Amino acid sequence: QLQLLESGGGLVQAGGPLRLSCAASGRTFSNGAWGWFRQAPGTEREFVAAISGSSGMTYYADSVKGRFTASRDNAKNTVYLQMNSLKPEDTAVYYCTATTAQFRLTTTTGYGYWGQGTQVTVSS
């Protein structure tokens, strides 16, 4: 059974860094893609970042460009999200997701596997 396990969430002051990790077991995504989404209370789940498992090409939401960096280690079957210069509006539950395909990566419909989420809270 496929499992995606996020870690690294927590409390951080505005302006600080935080790194999220997501490890997959049961399947590799070297020829697919990984995604990061987030959801704050009362809002829809929104796209944050995506990375191709093969090429390493990355895609970012405008709200996080220049601050967040996605990366992956295929040998460890793990994806990372390095978050810098965090803002209070970044506060949300962050979800790791993955797909064996390479399209529709900026919408939730492009993914079939989801982690349980990790809380990121940024204080002023």
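What you are looking at is a predicted structure, and each value in this text was computed from that prediction instead of being measured.
Cluster membership check: F37 does not share its hydrophobic cluster with F29, using side-chain heavy-atom separations under 4.5 Å among Ile, Leu, Val, Met, Phe, Trp and Tyr. Follow the hydrophobic side-chain contacts under 4.5 Å out from V120 and you reach V64 in the same cluster. Linking Ile, Leu, Val, Met, Phe, Trp and Tyr whenever their side-chain heavy atoms come within less than 4.5 Å leaves Y80 and V93 in two separate clusters. A chain of hydrophobic side-chain contacts below 4.5 Å, direct or via other Ile, Leu, Val, Met, Phe, Trp or Tyr residues, connects Y111 to M57.
For the atom pair CG (L18) and CD (Q13), the distance works out to 12.5 Å, reported to the nearest 0.5 Å. We find the CZ-CD distance between R38 and E44 to be 14.0 Å, quoted to the nearest 0.5 Å. With rounding to the nearest 0.5 angstrom, the CG atom of N77 is 8.0 Å from the OG atom of S25. From L81, atom CG reaches atom OG1 of T69 across 8.0 Å, with rounding to the nearest 0.5 Å.
Listed for the T91 side chain is a donor-acceptor partner under 3.5 Å among the backbone atoms of V122. E6 places a side-chain N or O within 3.5 Å of a backbone atom of Q116 that can act as its donor or acceptor partner. Side-chain N or O atoms of S55 include none that pairs as donor or acceptor with a backbone N or O of S52 at under 3.5 Å.
Scanning both residues, P17 and Q82, for their nearest heavy atoms gives CB-NE2, 3.9 Å. Counting all heavy atoms, side chain and backbone alike, A49 lies closest to Y60 at CB-CD2, 3.6 Å. Summarising the geometry of L4 relative to A98, their closest heavy-atom pair is CD1-N, 4.1 Å, with the distance given to 0.1 Å. The two atoms that bring T106 and F47 nearest to each other are O-CB, 3.3 Å, heavy atoms only. Scanning both residues, G53 and R72, for their nearest heavy atoms gives O-NH2, 3.1 Å. Of all the heavy atoms in P88 and S124, the pair that sits closest is CG-OG, 3.7 Å.
The closest side-chain heavy-atom distance from T100 to N31 is not below 4.5 Å. Between Y95 and Q39 there is a side-chain heavy-atom pair separated by less than 4.5 Å.
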Discussion item. Pair K87, D90 - check salt bridge (Lys or Arg N to Asp or Glu O under 4.0 Å), show working.
Written reply: CA-CA 5 Å; K87 304 174 181 179; D90 294 318; over 6 Å; no
Item to complete: Please step through side-chain contact (heavy atoms from CB on, under 4.5 Å) for the pair S63 and E89, ending with a clear verdict.
Response: CA-CA 10 Å; S63 60; E89 51 263 45; over 6 Å; no
Discussion item. What verdict does the side-chain contact (heavy atoms from CB on, under 4.5 Å) test give for W34 and C96, after you've listed the backbone C-alpha separation in whole Å, the side-chain angles of each residue and the deciding distance to 0.1 Å?
Written reply: CA-CA 7 Å; W34 304 82; C96 170; 4.1 Å; yes
Item to complete: May I have the step-by-step check of side-chain contact (heavy atoms from CB on, under 4.5 Å) for W36 and I51, ending in yes or no?
Response: CA-CA 9 Å; W36 288 98; I51 182 168; over 6 Å; no
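Within 6.0 Å of CG in D73 there are more than 12 heavy atoms belonging to other residues, nucleotides or ligands.
Residues meeting the side-chain contact (heavy atoms from CB on, under 4.5 Å) test with R104, sequence neighbours left out: T107, T109. In this structure, R19 has no salt bridge (charged side-chain N to carboxylate O under 4.0 Å, His left out) partners at least two apart in sequence or on a different chain. Not counting sequence neighbours, the partners of Y113 by the side chain to side chain donor-acceptor pair (under 3.5 Å) test are R27.
Side-chain contact of T28 with S30: a donor-acceptor pair under 3.5 Å is absent, judged by distance alone. Side-chain polar atoms of T121 and Q119 form a donor-acceptor pair below 3.5 angstrom.
Y94 and F68 have tilted rings, their planes meeting at an angle from 30° to 60° on a 0 to 90° scale.
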